[in-house]
Amino acid sequence: MNTFIKTIPFEKITSCGNNFIVVDERLKCHVPECLKRDVAREVTDGNFGVGADGFIVLQPGTPEVLQKINSCRHYWKELPAAQPFDYIFRMFEPTGEESFCCGNGLLCMALYLYQTTGVTMVRILTEIPGNAPVVRTLGYDMEKRMVWVNMGTPVKIPDHLARPKGMVAVGPHLTRVPFEIPLSRLAGICPPVGQQVISFSGYLTFSGEPHLVIVFDHSLNHNSAVAGPACSSAIRDLADILKQGILSFETDPFNAIGLYLNHQLRAFFPVGINVNIVSITDMEGVIEHRCFERGIEKETLACGTGMVAAVSVLHALGRTTCDTLKIHPLKCREYRPGTAVTVEKKGAYFVIHGMPVRICTGVFHRAEGQNGYASSFPRNKKMGVEV
């Protein structure tokens with residue numbers, strides 16, 4: 001049977017510059033399950049598609065839809081038995097792989113559903129590729145005129161997602177892990193580098209996505225997680241790397257480190273790892289945040305699950321006692337200086353608040369013979385790193 005489809009209606013929505021192509025399949029299936037990964041690669045491509053950080057599919061919350069997903073993907077031995085939910089939320093990376101969750105994507109869904117249906121609260125099933133998909137509530141706050149998503153409680157990163165050496169349990173839901181990365185292994189390095197090594201530590205957690213959170217002490221301008229005596233001349237702190245710009249102008253140091261952790265350490269992080277840098281800028285509940293996203297393979301303008309992971313780590317470490325933190329996504333603020341997101345701790349739960357923007361409505365036209373074309377493109381060959 002010919003499964004080729006020529007046109008796909010879509011919405012493009014952004015939250016803090018983290019932008020998505022959204023296909024609403026509540027009334028009609030626009031993309032057959034067997035083609036969703038191919039279409040994700042095609043439509044997110046900025047040169048031959050529309051261009052986006054991810055491809056979101058909103059589906060009816062029915063057992064029939066779950067059965068179709070599992071018949072193709074084989075995610076579960078049995079259909080997930082979750083609490084009641086209205087819709088199914090799925091997000092595909094530009095690589096075509098399906099991610100577990102997406103905080104900014106869920107914020108975009110909250111806005112889209114409010115503007116198209118008027119609902120102020122819905123229940124959405126997410127983390128579809130996981131062993132046990134979960135239900136998240138999201139909606140629109142009429143008083144604040146903002147959307148919100150209850151992201152639940154971050155948990156210990158599952159063993160099958162992180163297996164680095166030297167992990168130390170910090171608490172029941174948090175793991176600390178040290179890294180020493182030879183500068184010579186990073187792409188885009190300016191020679192000579194000798195045997196210099198980057199030394200830093202981060203915290204692993206799962207907030208719907210696997211995250212490594214690196215905490216900086218803003219006042220001291222260093223990675224507060226680095227343990228032991230002062231680094232020798234052969235070892236450089238991550239803050240020094242970022243500050244002094246040791247890498248060439250062609251390579252942002254943070255991106256180079258993110259690529260290294262995702263490509264060179266696949267044995268430790270089998271599906272990749274989102275890498276975050278977070279620092280508290282004052283004692284009034286404002287933090288700065290950056291995130292390199294797996295699957296997208298670069299630093300994005302913002303990351304919702306990363307913000308939640310960062311806030312949960314700061315609380316777990318006792319670095320903040322504020323129940324409401326304002327997040328400054330630094331990359332996005334380079335383009336929109338006033339951008340901010342709020343993460344609120346409500347008991348054990350973390351709720352993210354924001355205000356996405358619907359960019360456009362359109363139709364994606366697929367060229368004849370386009371099925372699977374993107375899979376042959378060297379999209380993961382970046383700055384000398386090949387996977």
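Just so it is clear, the model here is predicted, and its values are computed rather than measured.
Of all non-hydrogen atoms in G139 and A110, the two that sit nearest each other are O-CB, 3.6 Å. Summarising the geometry of E293 relative to C303, their closest heavy-atom pair is OE2-CB, 3.7 Å, with the distance given to 0.1 Å. Minimum interatomic distance between A162 and P270 (heavy atoms only, all atoms of both residues): N-CD, 4.4 Å. Scanning all heavy atoms of the two residues, the minimum distance from A309 to T205 falls at CB-CG2, 3.7 Å. Closest non-hydrogen pair, V308 versus P154, comes out as CG1-CG, 4.1 Å. The two residues Y260 and P182 have their closest heavy-atom pair at OH-CD, 4.3 Å.
Taking 4.0 Å as the cut-off between side-chain N and carboxylate O, R366 and E42 count as a salt-bridged pair. We find that E209 and R294 are joined by a salt bridge, their nearest charged nitrogen and carboxylate oxygen being less than 4.0 Å apart. One finds a salt bridge joining R123 and D86 here, because a Lys/Arg side-chain nitrogen approaches an Asp/Glu carboxylate oxygen to under 4.0 Å. Looking at E98 and R90, a side-chain N of the basic residue comes within less than 4.0 Å of a carboxylate O on the acidic one, giving a salt bridge.
Side chains of N131 and Y75: a donor-acceptor N/O pair is absent below 3.5 angstrom, by distance only. A side-chain donor-acceptor contact under 3.5 Å links N276 and H289.
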Checking E299 against R290 for the salt bridge (charged side-chain N to carboxylate O under 4.0 Å, His left out) test, could you report, in this order, the C-alpha distance in whole Å, the side-chain angles of both residues, the deciding distance, and whether it holds?
CA-CA 7 Å; E299 179 180 6; R290 299 175 66 182; 2.9 Å; yes
Check against side-chain contact (heavy atoms from CB on, under 4.5 Å), V39 and F55:
CA-CA 8 Å; V39 170; F55 172 60; 3.9 Å; yes
Tell me, with the steps shown, if F48 and D45 meet side-chain contact (heavy atoms from CB on, under 4.5 Å).
CA-CA 6 Å; F48 298 97; D45 192 303; 4.0 Å; yes
Carefully, step by step, assess R37 and E93 under the rule salt bridge (charged side-chain N to carboxylate O under 4.0 Å, His left out).
CA-CA 9 Å; R37 288 183 175 179; E93 306 284 6; over 6 Å; no
What do the steps show when you test K345 against H315 for side-chain contact (heavy atoms from CB on, under 4.5 Å), and what is the final call?
CA-CA 9 Å; K345 187 176 186 297; H315 274 282; 3.7 Å; yes
Decide side-chain contact (heavy atoms from CB on, under 4.5 Å) for M355 and L111; before the verdict, give the C-alpha distance in whole Å, the side-chain angles of both, and the deciding distance to 0.1 Å.
CA-CA 8 Å; M355 197 58 227; L111 177 72; 3.2 Å; yes
Check step by step if salt bridge (charged side-chain N to carboxylate O under 4.0 Å, His left out) holds for R136 and E127.
CA-CA 10 Å; R136 299 294 181 216; E127 297 182 33; 3.6 Å; yes
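Using a distance-only test at 3.5 Å, with no hydrogens or angles considered, no donor-acceptor pair links the side chain of E143 to the main chain of D141. Although no hydrogens or angles enter the test, the distance criterion places no donor-acceptor pair under 3.5 Å between the side chain of H74 and the main chain of I69. A distance-only check finds a donor-acceptor pair linking the side chain of S99 to the backbone of M91 [under 3.5 Å]. The backbone N or O of G51 lies less than 3.5 Å from a partner atom in the side chain of K12, making a donor-acceptor pair. In this structure, N274 contributes its side chain and P210 its backbone to a donor-acceptor pair below 3.5 Å. At least one donor-acceptor pair under 3.5 Å links the side chain of N262 to the backbone N or O of G258. Looking at W76, its side chain does come within 3.5 Å of a backbone N or O of I128 through a donor-acceptor pair. S207 contributes a side-chain N or O that, together with a main-chain N or O of T305, makes up a donor-acceptor pair within less than 3.5 Å. A donor-acceptor contact shorter than 3.5 Å is absent between the side chain of T117 and the backbone of Y114. The closest donor-acceptor contact from the side chain of N255 to the backbone of P253 lies at 3.5 Å or more, if one exists at all.
Using a 4.5 Å cut-off on side-chain heavy atoms (C-beta onward), V134 and T126 make contact. The shortest side-chain heavy-atom distance between V213 and V278 falls under the 4.5 Å cut-off. Between H328 and T339 there is no side-chain heavy-atom pair separated by less than 4.5 Å. Two residues are said to be in side-chain contact when any heavy atoms from C-beta on lie closer than 4.5 Å; V147 and P356 meet this criterion. Side-chain contact check for T14 versus D53: every heavy-atom pair is 4.5 Å or farther apart. Side-chain contact check for V23 versus I56: every heavy-atom pair is 4.5 Å or farther apart. Between K331 and T300, every side-chain heavy-atom pair lies at or beyond the 4.5 Å cut-off. Side-chain contact between F254 and F292 is present, with heavy atoms from C-beta onward closer than 4.5 Å.
Both M167 and V155 sit in one connected hydrophobic cluster of ILVMFWY residues. Membership requires side-chain heavy atoms under 4.5 Å apart, directly or through other members. Note: the hydrophobic cluster containing L261 also contains F206 (ILVMFWY, side chain heavy atoms under 4.5 Å, direct or indirect links). One hydrophobic cluster, built from ILVMFWY side chains closer than 4.5 Å, holds both V215 and V170. Transitive grouping of hydrophobic side chains (ILVMFWY, heavy atoms separated by less than 4.5 Å) keeps L27 and I124 in distinct clusters. Under the 4.5 Å side-chain heavy-atom criterion for ILVMFWY residues, no single connected hydrophobic cluster contains both W148 and F85.
By the side-chain hydrogen bond (donor to acceptor under 3.5 Å, both in side chains) test, S15 is found to be paired with N104, residues two or more places apart in sequence or in another chain being considered.
Taking OG1 of T137 as the start and CG of N150 as the end, the distance is 4.5 Å to the nearest 0.5 Å. Here the CG-CD distance, from L66 to E78, works out to 13.0 Å after rounding to the nearest 0.5 Å. The structure places CD1 of I257 at 7.0 Å from CD1 of I214, a figure rounded to the nearest 0.5 Å.
For the side-chain contact (heavy atoms from CB on, under 4.5 Å) test with E11, the passing option among I21, L58, V22, T116 is V22; the others fail. Partner of Q59 under the side-chain contact (heavy atoms from CB on, under 4.5 Å) criterion, chosen from L125, D24, I88: I88.
Under a cut-off of 6.0 angstrom, the local environment of NZ in K68 is sparse, with at most 12 non-hydrogen atoms contributed by other residues, nucleotides or ligands. In K326, the NZ atom is not crowded: 12 or fewer heavy atoms of neighbouring residues, nucleotides or ligands sit closer than 6.0 Å.
Because its NZ or CZ atom is both nearer than 6.0 Å to the ring centre of Y87 and within 45° of the ring axis, R26 counts as a cation-pi partner of that residue.
Checked against the 6.0 Å centroid threshold, F200 and F179 count as a close aromatic pair.
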